[in-house]
Protein chains: 2
Amino acid sequence: MTNPRNTKAKQAVLNEIANSSFALSQPELFERVKGTCDRVTVYRVLDRLVTENKIHKIVNIDGTINYALCASCDDSHSHAHDHLHFSCVTCKKIECLEEHLIQVKLPETYQIKELFLTISGICPSCQPL
Amino acid sequence: MTNPRNTKAKQAVLNEIANSSFALSQPELFERVKGTCDRVTVYRVLDRLVTENKIHKIVNIDGTINYALCASCDDSHSHAHDHLHFSCVTCKKIECLEEHLIQVKLPETYQIKELFLTISGICPSCQPL
DNA sequence: TTGCAAAACGCAACAATGTTGCATTAAAAA
DNA sequence: TTTTTAATGCAACATTGTTGCGTTTTGCAA
């Protein structure tokens, strides 16, 4: 295993992700760390952070890829994302709902590896009165 | 409401989707109807078919977008895709498992619109002995 | 503290996927 | 058959992501 390094770009990207209440895409992240590093670096930093289990990748319902911290995750175990994501159609934010675990029964001829559940709708902050 | 027309391109695309046992992406579809119509037309045809509720869009776990018929769907009702998709890590094919409906309970502060569940794993055809 | 190996970076170029504008073609209704 | 306008082709552009390579910087170790 190679030694990961702590660089300015990595810190900046991780910081933005950590301080955001919702998942961010690469373009959104680049916008926020602009000046700190190159566009390509953001891609590479994100790949590394995912590999290091610092962040995880969320595919939104429209196919866009977003990144978020995972409160329940630490470096010591591999990621098993059997929790769900909520995607708000109003504010477009993506939340992890880690307390909601998913269980599905399939015929035994299917071997399940991972579950990806995203629910679209209106989040609490965007509810009309 | 405008009148949809039945064109060669539309028939060709729909035909490929109907004759495939798994969901196809735009590039895959274009490859299969090459010669019949332009690349851009495939995009437009797909948009129209989705609007007309003839096919539905599936976002795969890697963010790629695929299209499939929905056996249980007809033109008379709006699409509610509360069934799940199985994405095989071996053959890369995506299947609709329409018999498996999903039910999730969230706090009432969340207003649910649609559910997107994709399970990755190994499909029956790709199981090792 | 300084030197060094390689991890990480910037930049340029490229690739894949999707979108838009506009003039032309062709469905399907009159 | 004529007419209307949905649909197409083509060219140009936009966005997102990738690759190669020479240069910089980090973290370790002398």
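Side chains included, hydrogens not; waters and symmetry mates left out as well; all remaining heavy atoms used. So that the names make sense, note that chain A is the first sequence line, chain B the second, and so on, each numbered from 1.
Distance D47(B) CG to dA6(D) P: 16 Å, rounded to the nearest Å. dC10(D) atom P lies 16 Å from atom OH of Y43(B), rounded to whole Å. Residue R48(B) contributes atom CZ, which lies 13 Å from atom C1' of dT5(D) at whole-angstrom precision. In this structure, the CG atom of L46(B) is 15 Å from the C1' atom of dT8(D), given to the nearest Å. Rounded to whole Å, the distance from CZ on R39(A) to P on dG17(D) is 9 Å. Straight-line distance from the CD atom of Q11(A) to the P atom of dT25(D): 15 Å, rounded to whole Å. Between K10(B) atom NZ and dA7(D) atom C1' there is a gap of 10 Å when expressed in whole angstrom units. For the pair D38(B) CG and dG21(C) C1', the interatomic distance rounds to 14 Å; values are reported in whole Å.
Between the side chains of N66(B) and S25(B), not a single donor N or O lies within less than 3.5 Å of an accepting N or O. Y67(B) and E16(B) form no side-chain donor-acceptor contact under 3.5 Å, judged by distance and modelled atom types alone.
Listed for the S20(B) side chain is no donor-acceptor partner under 3.5 Å among the backbone atoms of I17(B).
Proximity of R44(A) to the phosphate of dC9(C): no side-chain N or O atom is located under 4.0 Å from OP1 or OP2.
The two residues K8(A) and T36(A) have their closest heavy-atom pair at O-CG2, 4.4 Å.
Looking at which nucleotide of DNA chain C each of K8(B) and I65(B) is closest to, the 5′-most match is held by I65(B). Nearest-nucleotide assignment on DNA chain D puts the 5′-proximal partner with T7(B), out of R5(A) and T7(B).
Using a 4.0 Å heavy-atom criterion, one finds that V45(A) contacts the sugar-phosphate atoms exclusively. The residue T64(B) sits apart from the nucleic acid: no heavy atom pair falls under 4.0 Å. Counting non-hydrogen atoms under 4.0 angstrom, S25(B) reaches nothing in the nucleic acid.
For the side-chain contact (heavy atoms from CB on, under 4.5 Å) test with F86(A), the passing option among I94(A), L97(A), T118(A) is L97(A); the others fail.
Of the listed nucleotides (dT20(C), dT18(D), dC28(D)), dC28(D) has the atom at the smallest distance from the side chain of N3(A). When each of dG9(D), dG18(C), dT20(C) is scored by its nearest atom to the side-chain atoms of C37(B), the top-ranked nucleotide is dG9(D).
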